[in-house]
Amino acid sequence: MTPSASLISCLLAFFAILPISRPLPACAAEQPDQPGTSVRHEIAVTFDPAAKRLRVTAVLDLSGTPSQEMLVTLSPRATGITVTHDSRPVRFTRSGETLRVKLPAGAASLSLTYSLPLDPPLSSLPATQDNPGALASDAACGPDWAMLMPGSLWHPEVQGAPNVYRLRVSAPSGVKAVTQGALDGFEESPQATTSAWTVARPVGRLGLCLARYRFEESRQGPVPVQTFLLEGSARLAATYLEASAIHLRFYQELHGPYPLEKFAVVENPLPTGYGFPSYTLLGSQVIALPFIPATSLRHEIAHSWWGNGVLVDYSQGNWCEGLTTYVADYLAQERDSPQAGRAYRQRVLRGFADLVRQGGDMPLSEFGSRFSPASQAVGYGKALFVFHMLREFVGDEAFWQGLRRLYADRLFQSASWEDIRRTFAGLPGFDEAQSRVFFAQWLTRTGGPRLRIADAKATANPSGGFSVNLAVEQTQPGQPYLLKLPLVVETDGQSVESIILLDGARTEVSVQMAGAPRRILLDPQADSFRVLEPSEVPPSVNSVKGAGKLTVILADDASESLRMGLPQLLAGLGQERARVVRESDLSPDKLADLARQEAILVAGTPRAAIPGHKDMLAQAQTQEVDAVFAALPRQGGLTAVFQAAPDAAPKDVAAAAAKVTHYGSFSVVGFKEGRNVLKQTLDAPDSPMVWTFR
């Protein structure tokens, strides 16, 4: 299962160009294909929202698994457990989540009955969703809905054998249930609605979602495509059915046959965004956003191949978030235009530089799931680059063929980074030794290479033309990286492009030119992962997130709506502990001291002159914005600005404050009535990857 990170993370996928989902090891358990030894479960579930509980009866067919003892995994919260055979009690012991059942001689089946309490949803949700598991308990319900995560262990699972399931879920009339597998149908009565599902090939444990769904289905994709939407969102069914079919066909052509029985888009009253095998669970706020069908939905469907198709061997780290982000979020930009692909890669590099600056870095071999902006910059952003650089080493055709081969070989099995390495090792230009160096350097080390053009000279040749001799240095601590980088030397009328291989601290290169060189560009398209220098990273929302110490100056003219929105803004930026001081309480000397600190945030328009501060609201009036946030450079740090028009409605300022965090890579973001209408990134002033001849 690849649970995504809620409304906020879904927005991150679009605005910050970072994807929204992360896998949990407990939900990606391998299920070998051994139908002759499978334990078949007939599970009858009754959802009682008034009592906040499920009542479950599970009949287990054990005819294929002769044994004297059986270990069953079940939620430790389950109460009133009884185990029977032919209506007679069967002895069992219980330790935590494990039932140890003594099987009667010749028993071909057992019946388990129990009750599972459900929790109410949280009364308030965290402002940031760096840990999406904080949204709710594993088993939550409301007056006419329920959400049970696979990790809730709500259904029995026999250890040591494949499990297959048939479910009949009874709920109040109009409340339908969704899970993995194939839908058998619904039975309606004035008192209840019963949903029937067959899960012949479960991927891990089952999730279960119930609500008053409007059900629609399309056969336009390679498998049935379904929507389970609440009444207020039912109008979106056609949009999601069409988009899902398009994405399914695309990835089936790119990677191989879709591996599951159906794909469903399921709405959740909670503001979540989860990806389960064969369906995605999106919160009501998320599902209504107009860009989700083309962005986040695409990402979740790609997880059907990577994460829910080929599973993750977490012993070497989680590779599937980086790969899914690459083939979904990134590839969409690359297919749009080369410029859009380059801009995406630059944003990832800048995001890493900003978010990991104050700590939180880790080797990719230790990344399991996202729990902070820094961990996301590593496990999604840096991992994305590993696949892009691998593609650069082996070439386009070999890269995509290799992924198809990996998918075919490891479908419904766990795969590791080592399995990925072996898939590509031995290809032309990527021999066994190179493959080991390549993967070891990216998986076992923190940070990345720091590169610069150290020296360059141009000499006129006696026979005509010019010789350009340059040196490229790696300045990071530790061993040099193995890198394959494009090099471009520009003249007034042409450019000479070449590929250089770096494997030492200093690499010298010679290029022959017909005309006089004007400029040298190393990796101009940002095809390789590296740690950017401060001069290459313009201030952005991420810079404020990554600031080790932020001081907030509340201007005397700050409106009440601005003051009310400020806590939401700081919470979204992960800066809840920032010190807030009032402009009226600052003497000129204290104000000067604050302005020398690394990062300050000015809310409103102060009377006093503050270094780096600009009236961004006035500058952005051509965009008709009523709220604006900007991160601006100044000597020795940055000055952030949060302003709102005097007549801006408090609800609109609050909406803008909550959304700023989603625009991590941008320097300036503006809003009109809570809707984004402006986003800009400032130019980077200088780069060690550029050499200009003077």
Side-chain angles (χ1 to χ4, degrees), residues 1-4 19-21 23 27-33 150 164-165 178-184 197-204 206-207 215-228 237-266 273-282 292-312 319-321 323-329 331-332 335 400-415 423:
M1 181 203 75
T2 55
S4 310
I20 68 173
S21 56
C27 302
E30 189 171 330
Q31 293 283 358
D33 189 8
V164 298
Y165 306 92
V178 188
T179 188
Q180 282 191 52
L183 174 64
D184 295 328
W197 291 86
T198 296
V199 190
R201 182 65 186 258
V203 181
L206 309 182
F215 170 74
E216 299 288 344
E217 184 176 68
S218 168
R219 298 280 174 162
Q220 299 304 308
V223 295
V225 180
Q226 301 163 350
T227 56
F228 291 79
T239 298
Y240 275 95
L241 291 172
E242 180 181 9
S244 297
I246 290 172
H247 298 324
L248 288 166
R249 287 194 295 268
F250 174 81
Y251 287 110
Q252 182 156 283
E253 181 177 346
L254 186 67
H255 294 319
Y258 178 75
L260 303 165
E261 301 92 335
K262 58 112 180 17
F263 184 81
V265 177
V266 184
Y274 291 102
F276 298 97
S278 80
Y279 68 104
T280 184
L281 182 65
L282 301 178
I292 294 297
T295 56
S296 301
L297 178 65
R298 177 188 179 103
H299 183 100
E300 295 310 323
I301 287 177
H303 265 308
S304 300
W305 280 261
W306 309 114
N308 291 327
V310 178
L311 311 178
V312 179
W319 51 265
C320 87
E321 290 302 348
L323 179 54
T324 301
T325 304
Y326 188 68
V327 302
D329 308 71
L331 191 59
R335 287 168 59 84
W400 296 115
Q401 286 181 350
L403 288 183
R404 288 180 67 89
R405 187 165 62 252
L406 176 67
Y407 173 71
D409 291 345
R410 306 299 296 182
L411 180 60
F412 296 131
Q413 301 177 56
S414 295
T423 298

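On a predicted model such as this, the values are computed, not experimentally measured, just so you know.
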Between the main-chain N or O of Gly256 and the side-chain N or O of Trp305, is there a donor-acceptor pair closer than 3.5 Å?
yes

Restricting to non-hydrogen atoms, name the atom on Ala415 and the atom on Val310 that form the minimum distance, rounded to 0.1 Å.
CB-CG1, 3.6 Å

Heavy-atom closest pair, residues Pro202 and Leu206:
CB-CD2, 4.1 Å

Considering all heavy atoms of both residues, which atom of Leu297 and which atom of Ala243 are nearest to each other, and what is their separation?
CD2-CB, 3.9 Å

Please verify the inter-ring angle class for Trp306 with His255; under 30° counts as parallel, over 60° as perpendicular, anything in between as tilted.
perpendicular

Test side-chain contact (heavy atoms from CB on, under 4.5 Å) applied to Phe250 and Leu331, step by step
CA-CA 12 Å; Phe250 174 81; Leu331 191 59; 3.9 Å; yes

Output every pair passing salt bridge (charged side-chain N to carboxylate O under 4.0 Å, His left out) with a member in residues 245-263, not counting sequence neighbours, ordered by first then second residue.
none

For Tyr279 and Thr179, work out which heavy atoms get closest and say how close.
CE2-C, 3.5 Å

Any non-hydrogen side-chain atom of Asn308 less than 4.5 Å from a side-chain atom of Phe276?
no

Look at the side chain of Arg405 and the backbone N and O of Asp409, then say whether any donor-acceptor pair between them is shorter than 3.5 Å.
no

Closest contact, heavy atoms only, His247 versus Pro293
NE2-O, 2.8 Å

Qualifying salt bridge (charged side-chain N to carboxylate O under 4.0 Å, His left out) pairs with a residue from residues 217-228, counting only residues at least two apart or across chains:
Glu217-Arg219

Are side-chain heavy atoms of Asp329 and Thr295 found at a separation under 4.5 Å?
no

Find the distance between CG (Leu282) and OG (Ser296) and round it off to the nearest 0.5 Å.
7.5 Å

Any donor-acceptor N/O pair, Thr198 side chain to Ala200 backbone, under 3.5 Å
no

Distance (rounded to the nearest 0.5 Å) between Gln401 CD and Leu403 CG
10.5 Å

Are Trp197 and Tyr165, when compared by the centres of their aromatic rings, separated by less than 6.0 Å?
no

Should the ring pair Trp400 and Tyr326 be called parallel, tilted or perpendicular, given that the plane angle runs from 0 to 90° and is split at 30 and 60?
parallel

Taking atom CG of Leu241 and atom CZ of Phe263, what is their separation to the nearest 0.5 Å?
11.0 Å

Side-chain donor/acceptor of Arg298 to backbone N/O of Ala328, under 3.5 Å
yes

Going by heavy atoms in the side chains, are Gln226 and Phe215 under 4.5 Å from each other?
yes

Smallest separation among heavy atoms of Pro259 and Leu411, with atom names:
CB-CD1, 3.7 Å

So, Ser244 side chain and Tyr240 main chain: donor-acceptor pair closer than 3.5 Å or not?
yes

Keeping Ser278 on the side-chain end and Leu260 on the backbone end, is there a donor-acceptor pair under 3.5 Å?
no

Aromatic plane relationship, His303 with His299 - under 30° parallel, 30 to 60° tilted, over 60° perpendicular
perpendicular

Flag, side chain of Gln180 to backbone of Val203, donor-acceptor distance under 3.5 Å
yes

Crowded around Glu242 CD? As in, over 12 foreign heavy atoms under 6.0 Å?
no

Which distance, rounded to the nearest 0.5 Å, do you find between the CD1 of Ile292 and the OG1 of Thr239?
13.0 Å

Donor-acceptor contact present, side-chain Thr227 to main-chain Val265, <3.5 Å
no

Donor-acceptor pair, Ser304 side chain versus Ile301 backbone, under 3.5 Å?
yes

